[in-house]
Amino acid sequence: METSATNNTIPVEIISEEEMAFLEAALASARPLIAASFSSSINQCRSVSLAPRATPPDTPDIEESGVRLPRKPFLAQFRKNRGLTVTDITATEWCEKQMEFVLLHGRPRRTKAMKMGSDRHAQLEKEVIERVEIRVKSAEESWAMKFINFIAGSNQLIFEGLTRELPVIGLFNGIWLVGVIDELRVPTNERTINPILVDTKTRSKPTLPAEPQKRNARFQLMCYKYLWDDLIYSMFPSDEFFRYFNLDSQYVLSDEIKEYVNSMGFQAKTLGEVMTYYKNTCSLLPRSKDELLLRYELQADNTLLEEYVFFYDASWFQTQMKQCLDFWVGNKEVKYVTEDEKWKCQYCKFSSICPLTTVRASSSQN
């Protein structure tokens, strides 16, 4: 079931400059979970049937395309000891071939529309979060800050009913996934403590996205819900985490981090001790609602174009995840977009070297 609150006069656009920028940002690889700073909560808070894609029948064989399959899976080549980000996953769902080109040839340049979208998310974060600058000297300290940020954000959600930019991490079929949840809010008009996950996307024009773009956004929010709920239902595999990311659980944190941890009401000297508080926090949190919310705003003035409510579909999500992960672990050849989504090629920076478009161009000339 899907519902939306929107002005019926708003046209649907196949793709906009902003939406393409969003997709390119995803392809460029994910933003870090937390930069060289982390966010602490402040006292004031403003409350405020899907189916998997089919393979196109006329897809060229990748071995005939002139592009060799990698010697190692993309996961081992490009995400070793890092895990996959949610944006890695959604970019793969958008177009596997485009994701391959990005990995092999590099990320796109940052556009004005991408910057405007990032600025809006920073603005939304500042409404409820006060950023505190903390220097980090190692991967252990960086991860400690991410866990501390999660603890602070979760406390804010419980006590104030809203938090934003919350880092999450978990396993899906043995593969590590990381991401940042845009927003979690506890509904104010319901007798529930279960939060709803929200994602806000901006549009450069007063138009609504087409179905493939909404499908990709739905997939993104379902990834976040899976990661949030998994932290609550499953015991976080800390030993496996330290081993995979090559981290020392006994690493002694800097005095600056220890002082901040102390100001939050608990004491931790090492990454392992921070992990203990993190796991305790997860055990006390409620699962999220099956309802998920997408918001579309106009970049020019942040006016709301649409609020789009849909429900988590575990079966569809599992199918999509398997298709995407098969790409990353090398269980299949790279696929092109489906026949009815070849319009995406018009907006792809790699269309001039993609076999799908070059074969089509040759056919039309003949």
Side-chain angles (χ1 to χ4, degrees), residues 23 25-34 52-53 69-104 107 139-140 142-143 146-147 150 166-181 197 199 215-247 249 271 275 278-279 282 287-288 312-335:
L23 294 164
L27 289 164
S29 113
R31 55 188 170 181
L33 285 181
I34 298 294
R53 295 174 298 160
L69 288 171
R71 294 181 180 178
K72 295 193 298 183
F74 292 132
L75 182 64
Q77 274 193 292
F78 300 101
R79 297 295 185 265
K80 184 179 180 181
N81 300 128
R82 291 172 54 190
L84 293 176
T85 65
V86 171
T87 44
D88 284 332
I89 296 297
T90 55
T92 304
E93 191 275 340
W94 180 256
C95 177
E96 293 181 10
K97 191 63 182 176
Q98 190 181 50
M99 184 75 246
E100 179 194 40
F101 278 132
V102 168
L103 293 172
L104 297 178
R107 64 185 63 187
E140 283 83 359
S142 178
W143 275 105
K146 293 164 190 173
F147 293 130
F150 179 89
L166 191 75
V168 284
I169 177 172
L171 284 167
F172 184 94
N173 290 353
I175 296 177
W176 285 99
L177 300 177
V178 295
V180 180
I181 299 175
L197 277 71
D199 198 81
R215 182 190 67 219
N216 194 263
R218 289 195 298 266
F219 187 33
Q220 179 185 20
L221 264 177
M222 289 188 197
C223 285
Y224 292 143
K225 174 178 168 57
Y226 171 86
L227 289 172
W228 170 267
D229 289 350
D230 187 63
L231 287 173
I232 296 163
Y233 286 125
S234 304
M235 178 65 69
F236 188 82
S238 51
D239 290 341
E240 186 174 345
F241 166 79
F242 292 131
R243 183 169 54 254
Y244 180 83
F245 290 94
N246 195 26
L247 301 168
S249 63
L271 174 59
M275 173 67 75
Y278 171 74
K279 293 168 70 171
C282 293
R287 66 178 294 275
S288 61
Y312 180 71
D313 186 331
S315 177
W316 181 83
F317 172 72
Q318 294 275 340
T319 300
Q320 297 297 93
M321 284 295 296
K322 183 180 185 307
Q323 290 181 5
C324 291
L325 293 181
D326 281 348
F327 164 90
W328 283 95
V329 301
N331 284 348
K332 66 174 185 179
E333 294 179 347
V334 178
K335 287 186 171 61

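As a basis for the values below, the full set of heavy atoms in this structure was taken, side chains included, without hydrogen atoms, waters or symmetry mates.
The distance from the CG atom of Asn216 to the CD atom of Gln320 is 9.5 Å, given to the nearest 0.5 Å. One distance of note links CG of Leu325 with NZ of Lys332; it measures 9.5 Å at 0.5 Å rounding. Separation of atoms CD (Gln323) and CZ (Phe327) is listed at 13.0 Å; rounding is to 0.5 Å. Atoms SG and CZ, on Cys282 and Phe147 in that order, are 9.0 Å from each other to the nearest 0.5 Å. Asp199 CG to Leu221 CG: the interatomic distance, rounded to the nearest 0.5 Å, is 5.0 Å. Met321 CE to Phe172 CZ: the interatomic distance, rounded to the nearest 0.5 Å, is 4.5 Å.
Closest approach of Pro73 to Gly330, counting heavy atoms only: CB-N, 4.0 Å. Glu93 and Cys324 make their closest contact through N-SG, 3.8 Å (heavy atoms, listed as atom of the first residue, atom of the second, distance). In terms of heavy atoms, Glu96 sits closest to Glu333 at OE1-O, 4.1 Å. Across Asn81 and Phe245, no two heavy atoms sit closer than the pair O-CD2, 3.2 Å. In terms of heavy-atom proximity, Leu104 sits nearest to Phe78 at CD2-CZ, 4.0 Å. What you find for Ala139 and Leu247 is that their closest heavy atoms are CB-CD2, 3.8 Å.
By the 4.5 Å heavy-atom criterion applied to side chains, Ile169 and Trp143 are counted as neighbours. Using a 4.5 Å heavy-atom cutoff, the side chains of Ile175 and Trp328 are not in contact. Side-chain contact check for Asp88 versus Phe74: every heavy-atom pair is 4.5 Å or farther apart.
Between Tyr312 and Phe317, the ring planes lie tilted relative to each other; the angle falls in the 30° to 60° range.
Residues that satisfy the side chain to side chain contact (heavy atoms under 4.5 Å, CB included) test with Ser238, not counting sequence neighbours, are Phe236, Phe242, Met275, Lys279. Applying the side-chain hydrogen bond (donor to acceptor under 3.5 Å, both in side chains) test to Ser288 and every residue at least two apart in sequence or in another chain returns Lys225, Asp229. Not counting sequence neighbours, Arg243 has no partner by the salt bridge (charged side-chain N to carboxylate O under 4.0 Å, His left out) test. Every residue two or more places apart in sequence or in another chain that forms a side-chain hydrogen bond (donor to acceptor under 3.5 Å, both in side chains) with Asp326 is listed here: Lys322, Asn331. Evaluation of the side chain to side chain contact (heavy atoms under 4.5 Å, CB included) rule for Leu227 yields Val86, Val168, Leu177 as partners, not counting sequence neighbours. When the side-chain hydrogen bond (donor to acceptor under 3.5 Å, both in side chains) test is applied to Trp176, no partner is found at least two apart in sequence or on another chain.
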Exercise. Please report the C-alpha distance between Tyr278 and Phe241 in whole Å, then the side-chain angles of each, then the deciding distance to 0.1 Å, and finally whether the ring pair (Phe, Tyr, Trp, His ring centres under 6.0 Å) criterion is met.
Key: CA-CA 13 Å; Tyr278 171 74; Phe241 166 79; 8.4 Å; no

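A cation-pi arrangement is absent between Lys146 and Phe150, since the terminal nitrogen or guanidinium carbon is not both under 6.0 Å from the aromatic centre and inside a 45° cone about the axis.
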